[in-house]
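Presented below is the structure to which this report refers.
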There are 2 protein chains.
Amino acid sequence: MAAVGMKIGALAGRSGLPVKTLRYYEDLGLLPAVGRSEGGYRLFAEESLRRLGFIRRLKTLGLSLEEIQNCLAVHDAGELPCDDIAIQLGRQIERIDGQISELIQLRTELQQLLAGWQSDPVRSSTVICPNLQV
Amino acid sequence: MAAVGMKIGALAGRSGLPVKTLRYYEDLGLLPAVGRSEGGYRLFAEESLRRLGFIRRLKTLGLSLEEIQNCLAVHDAGELPCDDIAIQLGRQIERIDGQISELIQLRTELQQLLAGWQSDPVRSSTVICPNLQV
DNA sequence: TTAAACTCTCCTTGTAGGTGGAGAGTCAAG
DNA sequence: CTTGACTCTCCACCTACAAGGAGAGTTTAA
């Protein structure tokens, strides 16, 4: 039975996140360990990988770790959280709808820009090329 | 002719952003002023409001100010940036598509959660109610 | 023409989200 | 049973994105 859990280095390797960050998340309560080994090593479940994916997803959407906490609290509860959380969750969904709208608008803007100059490839390069490593 | 531009306080009032933040953005080059008054006061165009909207939109999508800079550089150029920027922009659009997908997925997850407990309003409150002020 | 409100620059501070390193304990392979 | 890799805690430091405040100059309305 390999059900005991993996150590932090293994989780780091599989998730792509640095060990430091995982410890940081665990300290914040974002990423609970299933327990500790005899020697005091954190042990994580497979589930942690899925959880990190969820966190990553929410992070790229611009949520703070604290907001992600709240989402995860709901997620972990599975059901019957208090009213505050329900309201909270409703707002989060509205926020998501707003973001989707904005993303679509932004996508249109960027694509128009892209289309705009592709139809006119004059004086093609070296005109504008500032710092970029997005 | 009121075409001279508004002072920073007016822009703050109309955009809802603090004066400090506007100065910060201007210092970074994110929000160019049309110029300075005789007394050295920054003067902003109406356009700045639209620009701040664009910035806000990108910010809520989790882009850093530096990334926003790059988008604005493209935006300002209007056309013919160098190849790097074109590639950059293409990636940004892909990223947006990815984000839209993730948002939709997330929305579904949250809504299922919401629906789940609303159909079973047992032991309604005080069970879970951690720190929340999102 | 002067007081209040606004703005300037420059410098410090604060918060979020990590990152680095010291010093010590634990584990696995040889 | 020792050596090297891994992990622990604790504390300092870092970057991004501002917010606070001092001290001085500018504008405007009474």
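Within every chain, numbering begins at 1; the chains are lettered A, B, ... in the order of the sequence lines, protein sequences first and strands thereafter.
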Between [options], which nucleotide gets closest to the side-chain atoms of [X]?
{"X": "B:P18", "options": "D:dT27, D:dC17, D:dA19", "result": "D:dA19"}
{"X": "B:K20", "options": "C:dG17, D:dG21, D:dT27", "result": "D:dG21"}
{"X": "B:R42", "options": "D:dT9, C:dT7, C:dT9", "result": "C:dT9"}

Position toward the 5' end of DNA chain D (nearest nucleotide), B:L65 or B:G40: B:L65
Return whichever of B:K7 or B:S64 has its heavy-atom-nearest nucleotide of DNA chain D closer to the 5' end.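 Its nearest nucleotide lies further toward 5', so the answer is B:S64.
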Quick one: is [N] close enough that its OP1 or OP2 comes under 4.0 Å of any side-chain N or O from [X]?
{"X": "A:R23", "N": "D:dC8", "value": "yes"}
{"X": "A:K59", "N": "C:dG18", "value": "yes"}
{"X": "B:R36", "N": "D:dG25", "value": "no"}
{"X": "B:Y25", "N": "D:dA18", "value": "yes"}
{"X": "A:T21", "N": "C:dT19", "value": "yes"}
{"X": "B:Y41", "N": "D:dG25", "value": "no"}

Spacing of [X] atom [atom1] relative to [N] atom [atom2], expressed in whole Å:
{"X": "A:L22", "N": "C:dT19", "atom1": "CG", "atom2": "C1'", "answer": "13 Å"}
{"X": "B:D27", "N": "C:dC8", "atom1": "CG", "atom2": "P", "answer": "10 Å"}
{"X": "A:L63", "N": "C:dG17", "atom1": "CG", "atom2": "C1'", "answer": "14 Å"}
{"X": "A:Y24", "N": "D:dA12", "atom1": "OH", "atom2": "P", "answer": "17 Å"}
{"X": "A:I68", "N": "C:dA16", "atom1": "CD1", "atom2": "C1'", "answer": "12 Å"}
{"X": "A:E66", "N": "C:dG18", "atom1": "CD", "atom2": "C1'", "answer": "16 Å"}
{"X": "A:L58", "N": "C:dA16", "atom1": "CG", "atom2": "C1'", "answer": "17 Å"}
{"X": "A:L43", "N": "C:dC27", "atom1": "CG", "atom2": "C1'", "answer": "13 Å"}

Rounded to the nearest 0.5 Å, how far does [atom2] of [Y] lie from [atom1] of [X]?
{"X": "B:R50", "Y": "B:I55", "atom1": "CZ", "atom2": "CD1", "value": "11.0 Å"}
{"X": "A:I104", "Y": "B:D97", "atom1": "CD1", "atom2": "CG", "value": "9.5 Å"}
{"X": "B:L31", "Y": "B:E47", "atom1": "CG", "atom2": "CD", "value": "9.5 Å"}

Examine B:L52 and B:L72 and state if one hydrophobic cluster contains both, with Ile, Leu, Val, Met, Phe, Trp and Tyr joined whenever side-chain heavy atoms are less than 4.5 Å apart.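 Yes; B:L72 is reachable from B:L52 via cluster members.
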With heavy atoms under 4.0 Å as the rule, sort A:L28 into base, sugar-phosphate or nothing.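 The residue A:L28 makes no contact with any strand.
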Within the structure provided, determine whether B:R42 and B:V19 are in side-chain contact (heavy-atom separation under 4.5 Å). no
